[in-house]
Amino acid sequence: MEHFYTLQGEGFHQGRAAYFIRLGGCDVGCVWCDVKDSWDATRHPKIPIAEIIGSVKQHISAIHKSSRALPLVVITGGEPLMHNLDELTAALQAEGFETNIETSGAHPLSGSWNWICLSPKKFKAPLPGILNVADELKVVIFNRSDFEWAEQYAAMVSPACKLYLQPEWDKAAVMTPLIIDYIKEHPQWELSLQIHKYINVP
Ligand code: SF4
């Protein structure tokens, strides 16, 4: 759908420079989805993997040569696991990139990942296989009942999995104070804000 160099705005890697690859296609159907244009994969061109890798290298390889950090590539969507990601992620890692994914987990896991961010959605549940391997659980809080729903998933991921609560963007004014109170009572959770939207970057 699109690919661009920006800052990761959410979750554990929030604030890091990252090249985003947004894949078309999603059948999860969140009512509050902010990338509904991604849903129909046929509306977006197919791009050869070599061409995508070329774009990533052109944008960030030189910048990161003098950096201590591995250049970070985030695969998102849409729901990226609607595609088999083995070949794309193998090619990215072969070039020395760190591969992170943002997924609802609603399709079978493929690809080779340095970091898996699982963001389960009520509209289509994650498949059980991803729960144990998620590095980060990020739950979008749209209404009060989502706290209890978040805890159901926190009980299913591994003990090492980082836990984040993130206000749904249009409800942020109402839900963020509730999330702050909740985290103070349940400090195993941390706050994730979509900082890219506050600082106006993609
Ligand atoms: S999973 Fe993501 S892309 Fe798909 S409908 Fe939900 S928010 Fe939108």
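For ligands, and for the atoms within them, numbers begin at 1 and follow the listed sequence. Predicted model, so just to flag it, every value in this text is computed and none were measured.
Here CG of Leu137 is found 11.0 Å from OG of Ser192. Values are rounded to the nearest 0.5 Å.
Atom numbering of ligand 1 starts at 1 in the shown order; those under 4.0 Å from a heavy atom of Gly29 are 5 (S). Each of the atoms 1 (S), 3 (S), 4 (Fe), 5 (S) of ligand 1 lies under 4.0 Å from some heavy atom of Cys26. The atoms of ligand 1 that sit less than 4.0 Å from any heavy atom of Gly78 are 3 (S). Less than 4.0 angstrom separates some heavy atom of Trp39 from each of these atoms of ligand 1: 5 (S), 8 (Fe).
Residue Trp39 is not grouped with residue Val35 when hydrophobic side chains (ILVMFWY) are merged at heavy-atom distances under 4.5 angstrom, including chains of intermediate members.
Inclusion of Cys30 in the first shell of atom 8 (Fe) of ligand 1 is not supported: no N, O or S atom falls under 2.8 Å.
Centroid-to-centroid, the aromatic rings of Tyr5 and His59 stay 6.0 Å apart or farther.
Among Glu98, Glu102, Glu136, the single residue meeting the side chain to side chain donor-acceptor pair (under 3.5 Å) criterion with Trp115 is Glu136.
Protein heavy atom nearest atom 8 (Fe) of ligand 1, with residue, atom name and distance: Cys33 SG, 2.2 Å.
Annotation: cation-pi pair Lys138/Tyr164 absent, no NZ/CZ under 6.0 Å from the ring centroid and within 45° of its normal.
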